[in-house]
Amino acid sequence: CALPILFFVAIIAAAIVFLLVLLYSGFYIVQPDSEAVVLRFGKFLKIADPGPHIKVPLGIDTVYKFKTKKVYTVEFGFETIKPGKDTIYRRGSEKQSLMLTGDLNSASVEWTVQFKIPRPQEYFINMEDVPGTIRECARKGVKSAIVISAGFKETGEEGRKLEEEVKAEARKGKISLLGPNCLGLINTDPDVSLNASFATSMPREGNVAFISQSGALCTAVLDYAKGESIGFSKFISMGNKADVTENELLRFLSEDPHTDVILLYIEDLHDEREFIKIARDITGEIQKVKPIIAVKAGRTVLGARAASSHTGSLAGSDEVYDAIFAQCGVLRVNSVKQLFDYALAFSSQPLPKGNRVAIVTNAGGPGIMATDACTSPKYGLAMASFQNKTRLKLKSGLPPTANVNNPVDVIGDAQHDRYELALHSVLSDRKVDGVVVILTPQNMTDIEEIAASIGRLSQKSFKPVLACFMGIVDISK
């Protein structure tokens, strides 16, 4: 009976000694990746049960010297420590964190490795403590911060004062601040894969960037995009725009190699002149043109009032915004549905070289409506005039009742062969810059074959081809 008791007492004593050693040395079991326990004995450190990655916190105001017998890979942007070479790091320098990979039992002098947390840290604080927290972040060398909390200028004068304090602390500490009153940001680049938001899931990778002044709209957009299999390169919620605004984000996205199309939801513009300059460069003057499509909310008096209470926006005249967008080539739409219709078109098709559109349809009525839309002054498009050889080719391959002028009507009983002949003919015409293909499902229509033909020809062409299959049930089979 005494032996188990003595054994139990010995275990307790050993645990106490172990904890005292840890407290004396200042080291502890690392979380969340606790692959190693680090013990300090005199001038040396010993690694107990090392894993593939050893991560340990550095002390304060201490110099750490490294010398190893093997080559160790130092992750997170630091250089490789070579055998027999002293490498010194001091807490407080730019190199505040590093991680060695390998068996670290071969150190010949005192050394340690700082714990590097593998994902962003989240701190939950009271709203009134945000200015002080930003100040503390600046002291720690933090370069950027996201404030998702609401309760700032959108709530009135007291909230406005608090937001000004946050803004002042961020500028004083040279911190780029996103928000407040925002969802956060998402970067789907595989090398980053960052979800610094409170969105429920990570969107798929894509070539469309989305910037929004509304956080709640972002969650709805993410869900909509998931259902439509739309991917994003960047997904950014600006909120109240205390520091970072649409202008800084647009400037960044203009040079982002992963972004081909930019979507905007805005309630006001921070600096209209700067916006015009940046947007004009992106839509027409940089080496690679990137379309910008925008939803501008707060069009009416009551809508503008709602925007003010939402993000503290000061919405101006809607006609003024129409003029601003027209000056810099931004395409304005009226709904999220239209926003993503445009996004799908621009992200999956080449940009047209001009405004001349050809229409191919199996129904006269929809062809007429599409013609009206193309010739509307609102869109700046024009109906293409075919070359004579195009009309002759159409006439020789289509029934006598077909219309070989623009819009091309291949007649209601058209199968995939007629669609293929008509689409190939108009795409080959140098006076055509883009094509809209319309299909209405009829009893003899081979929908899947027609869709496949359109896809094949579209992939071979440098001109955009947009398909409009009208209906829901029949065309969804």
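- You'll find the side chain of I175 stays beyond 4.5 Å of the side chain of K143, heavy atoms only.
- Rounded to the nearest 0.5 angstrom, Q327 CD and E272 CD are separated by 11.0 Å.
- A donor-acceptor distance shorter than 3.5 angstrom exists from the side chain of N403 to the backbone of P407, with no hydrogens or angles considered.
- The backbone N or O of D372 lies less than 3.5 Å from a partner atom in the side chain of T375, making a donor-acceptor pair.
- Of the possible polar contacts, none joining the E205 side chain to the S233 backbone as a donor-acceptor pair under 3.5 Å is found.
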> side chain to side chain contact (heavy atoms under 4.5 Å, CB included) between V360 and V410: does it pass, once the steps are laid out?
Replying inline: CA-CA 7 Å; V360 176; V410 294; 4.2 Å; yes
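- Within the 4.5 Å cutoff, side-chain heavy atoms of P203 are placed close to those of T188.
- The CD1 atom of I292 sits 6.5 Å away from atom SG of C328, with the distance rounded to the nearest 0.5 Å.
- With hydrogens and angles ignored, the 3.5 Å screen pairs a side-chain donor or acceptor of S335 with a backbone N or O of Q338.
- Minimum heavy-atom separation, N187 to M202: O-CE, 3.4 Å.
- Atom OG of S461 sits about 8.0 Å away from atom CG of L423, to the nearest 0.5 Å.
- Side-chain contact annotation: T245 with E248, donor-acceptor N/O pair under 3.5 Å present.
- Taking all atoms of both residues into account, the shortest heavy-atom contact from S458 to V465 is OG-CB, 3.9 Å.
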> Can you list the steps and then say if I411 with L398 is a side chain to side chain contact (heavy atoms under 4.5 Å, CB included)?
Replying inline: CA-CA 9 Å; I411 307 303; L398 296 178; over 6 Å; no
>> Walk me through whether I276 and I324 qualify under side chain to side chain contact (heavy atoms under 4.5 Å, CB included).
In response: CA-CA 7 Å; I276 291 173; I324 289 172; 3.7 Å; yes
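- For the side chain to side chain donor-acceptor pair (under 3.5 Å) test with E246, the passing option among R251, K241, H270 is K241; the others fail.
- Note: D271 CG to I278 CD1 = 8.0 Å, rounded to the nearest 0.5 Å.
- Under the 30°/60° scheme for interplanar angles, the aromatic rings of F232 and F235 are found to stand perpendicular.
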> Hey, mind stepping through I450 and F469 against side chain to side chain contact (heavy atoms under 4.5 Å, CB included) and telling me if it holds?
Replying inline: CA-CA 10 Å; I450 293 171; F469 283 25; 4.2 Å; yes
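- For the pair F386 and L394, the minimum side-chain heavy-atom distance is below 4.5 Å.
- Annotation: Y379, atom OH; neighbour count of heavy atoms from other residues, nucleotides and ligands within 6.0 Å does not exceed 12.
- Between the side chain of T259 and the backbone N or O of V261, no donor-acceptor pair lies under 3.5 Å.
- Residues Y419 and L439 form a side-chain contact, since some pair of their non-hydrogen atoms from C-beta on lies under 4.5 Å apart.
- For the pair T155 (side chain) and F152 (backbone), a donor-acceptor distance under 3.5 Å is present.
- Side chains of F210 and L339 form a contact here, defined as non-hydrogen atoms less than 4.5 Å apart.
- The main-chain N or O of G184 is never found under 3.5 Å from a side-chain atom of S197 such that the two would form a donor-acceptor pair.
- Using a 4.5 Å heavy-atom threshold, the side chains of D260 and K288 count as touching.
- Here the side chains of I282 and L250 are in contact, with some heavy-atom distance below 4.5 Å.
- Judged by distance alone, the side chains of N181 and E163 never bring a donor and an acceptor atom under 3.5 Å apart.
- Residue D409 comes nearest to A363 through the heavy atom pair OD1-N, 3.9 Å, listed as atom of the first residue, atom of the second, then distance.
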>> Please evaluate residues K277 and E274 with respect to the criterion salt bridge (Lys or Arg N to Asp or Glu O under 4.0 Å), reporting the C-alpha separation (whole Å), side-chain torsions for both, the decisive distance (0.1 Å), and the verdict.
In response: CA-CA 5 Å; K277 180 179 181 300; E274 184 70 9; 5.5 Å; no
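- Between A170 and L177, the shortest heavy-atom distance links the atoms CB-CB, 4.1 Å.
- Counted by atom type alone, E420 and S453 present one or more donor-acceptor pairs between their side chains at under 3.5 Å.
- Atom CE of residue M444 and atom CG of residue N362 lie 10.0 Å apart, to the nearest 0.5 angstrom.
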>> Would E164 and K161 count as a salt bridge (Lys or Arg N to Asp or Glu O under 4.0 Å) here? Give the steps.
In response: CA-CA 5 Å; E164 287 299 322; K161 290 180 180 178; over 6 Å; no
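- Judged by distance alone, the side chains of K234 and H258 never bring a donor and an acceptor atom under 3.5 Å apart.
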> Checking side chain to side chain donor-acceptor pair (under 3.5 Å) for the pair N240/Q213: CA distance, chi angles, key distance, verdict?
Replying inline: CA-CA 7 Å; N240 292 5; Q213 213 167 329; over 6 Å; no
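- A salt bridge is defined here as a Lys NZ or Arg NE, NH1 or NH2 lying under 4.0 Å from an Asp or Glu carboxylate O, and R139 with E136 meets this definition.
- Neither side chain, N406 nor S385, offers a donor N or O lying under 3.5 Å from an acceptor on the other.
- Within a 6.0 Å sphere centred on CZ of R160, heavy atoms belonging to other residues, nucleotides or ligands number more than 12.
- In this structure, OG1 in T445 is found 6.0 Å from CD1 in I447, a value given to the nearest 0.5 Å.
- In this structure a side-chain-to-backbone donor-acceptor pair under 3.5 Å is missing from R356 to G434.
- The backbone N or O of I266 lies less than 3.5 Å from no partner atom in the side chain of K296, so there is not a single donor-acceptor pair.
- Taking both residues in full, the closest heavy atoms of R332 and D322 are given as NH1-OD1, 2.8 Å, listed atom of the first, atom of the second, then distance.
- For the pairing with V426, the side chain to side chain contact (heavy atoms under 4.5 Å, CB included) check across V408, I359, V357, L421 returns one residue only, V408.
- The two residues K290 and D256 come nearest to each other via the heavy atoms NZ-O, 2.8 Å.
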>> side chain to side chain donor-acceptor pair (under 3.5 Å) for D413 and Q442? Distances and angles first, verdict last.
In response: CA-CA 7 Å; D413 61 348; Q442 301 184 36; over 6 Å; no
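- Checked by atom type and distance alone, the side chain of Y321 pairs as donor or acceptor with a backbone atom of L269 at under 3.5 Å.
- Side-chain contact between C218 and S212: present, with at least one pair of heavy atoms (C-beta onward) separated by less than 4.5 Å.
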